[in-house]
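See below for the structure under consideration.
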Amino acid sequence: ESIPYLYKSHSIRPYDSLVSLALASAYHSVGLLDKEKQILENILQYDSKNVRAWYMLTQYYINLGNQNKALEAYEKMKNSFELLKDREEFGPYYNLIIPMSLSFSDYQYTGGVYRDLLKIHPSAINYAAYGKVEYYFLKNKEKSTIAFNKALELDTNVIIPKEIRGDLGL
């Protein structure tokens, strides 16, 4: 239902990334994947560092089963994220880059992103999530213990799996 309205908005404002992303998402939701890709590629022609567009294009290629193109898009997503992450009012792109980096088994990068996130959003949930990355994927008990203890300092009710609590003596 929204596609005609989004298309009209896109026609009026073709360089508005938010409208274009919404149109690409709408195309995706109804299975018009070629149109989704076309819109995403268009966004990236005028906004080559658009993290959301790279995220959606990476998802597009993953869904197609094209791992080479997905990896290429993911690397461009990472580069864009790194260039923009320290800017004020940088969007909430941590919620995009973290799961995507995990899906590519890019655990060192995931850990680094969490460390950056904790500098600006030091919450119990973020510390616990970072602790899980260090524990499960990077096999670093020392860093995971520090992260989990910090999470518990901030919120004694933060969820930490029993196996981790037992293994680390938390």
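Hydrogens, waters and symmetry mates are skipped; everything else that's a heavy atom, side chains included, is used. Bear in mind that the values here come from a model prediction, so they are computed numbers and not experimental data. The first residue of the sequence shown is numbered 1, and numbering continues consecutively from there.
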Just by distance, with hydrogens left out, do Asp106 and Tyr74 show a side-chain donor and acceptor under 3.5 Å apart? yes
Ser20 and side chain to side chain donor-acceptor pair (under 3.5 Å): which single residue from Arg13, Arg52, His10 fits? His10
Heavy-atom neighbours of [X] [atom1] exceed 12 at 6.0 Å:
X      : atom1 : value
Gln108 : CD    : no
Glu142 : CD    : no
Tyr46  : OH    : yes
Ile12  : CD1   : yes

Spell out, yes or no, whether [X] and [Y] are grouped together once hydrophobic residues are joined by side-chain heavy atoms under 4.5 Å, including indirect joins.
X      : Y      : result
Leu33  : Met56  : yes
Ile43  : Ile3   : yes
Tyr114 : Tyr55  : yes
Tyr15  : Leu57  : yes
Val133 : Ile125 : no

For a quick test of reading the model, state the closest non-hydrogen atom pair linking [X] to [Y] and the distance between them.
X      : Y      : answer
Gly131 : Ser144 : O-CB, 3.3 Å
Ser48  : Ser80  : O-OG, 3.7 Å
Ala73  : Tyr61  : CB-CD1, 4.4 Å
Ser2   : Ala26  : OG-CB, 4.1 Å

State the [atom1]-[atom2] distance between [X] and [Y], to the nearest 0.5 angstrom.
X      : Y      : atom1 : atom2 : result
Tyr94  : Asn126 : OH    : CG    : 10.0 Å
Ser9   : Asp16  : OG    : CG    : 8.5 Å
Lys78  : Met100 : NZ    : CE    : 12.5 Å
Leu170 : Leu168 : CG    : CG    : 5.0 Å
Tyr130 : Leu138 : OH    : CG    : 7.5 Å
Tyr127 : Leu154 : OH    : CG    : 7.0 Å

Is [Y] close to [X] at the side-chain level, that is, under 4.5 Å between some pair of heavy atoms?
X      : Y      : value
Val158 : Leu152 : yes
His28  : Asn63  : yes
Ile146 : Glu134 : no
Glu72  : Glu75  : no
Ile62  : Thr58  : yes

salt_bridge(Lys49, Glu82) N-O dist < 4.0 Å: no
Answer yes when Asp34 and Lys37 have at least one side-chain N-carboxylate O distance shorter than 4.0 Å, and no when they do not. no
Is the backbone of [Y] close enough, under 3.5 Å, to the side chain of [X] for a donor and an acceptor to pair up by distance?
X      : Y     : result
Trp54  : Phe81 : no
Ser25  : Ala22 : no
Ser101 : Ile98 : yes

Any chance you could lay out the side-chain contact (heavy atoms from CB on, under 4.5 Å) test for Gln45 and Asn42, step after step, and finish with the verdict? CA-CA 5 Å; Gln45 285 181 1; Asn42 184 53; 4.0 Å; yes
Residue set satisfying side chain to side chain contact (heavy atoms under 4.5 Å, CB included) with Asp167, at least two apart, ordered chain then number -> Tyr135, Lys141
Steps toward side-chain contact (heavy atoms from CB on, under 4.5 Å) verdict (Glu36, Tyr60): CA-CA 8 Å; Glu36 173 195 19; Tyr60 169 85; 3.6 Å; yes
May I ask you to decide if the ring planes of Phe137 and Tyr107 are parallel, tilted or perpendicular, using 30° and 60° as cut-offs? parallel
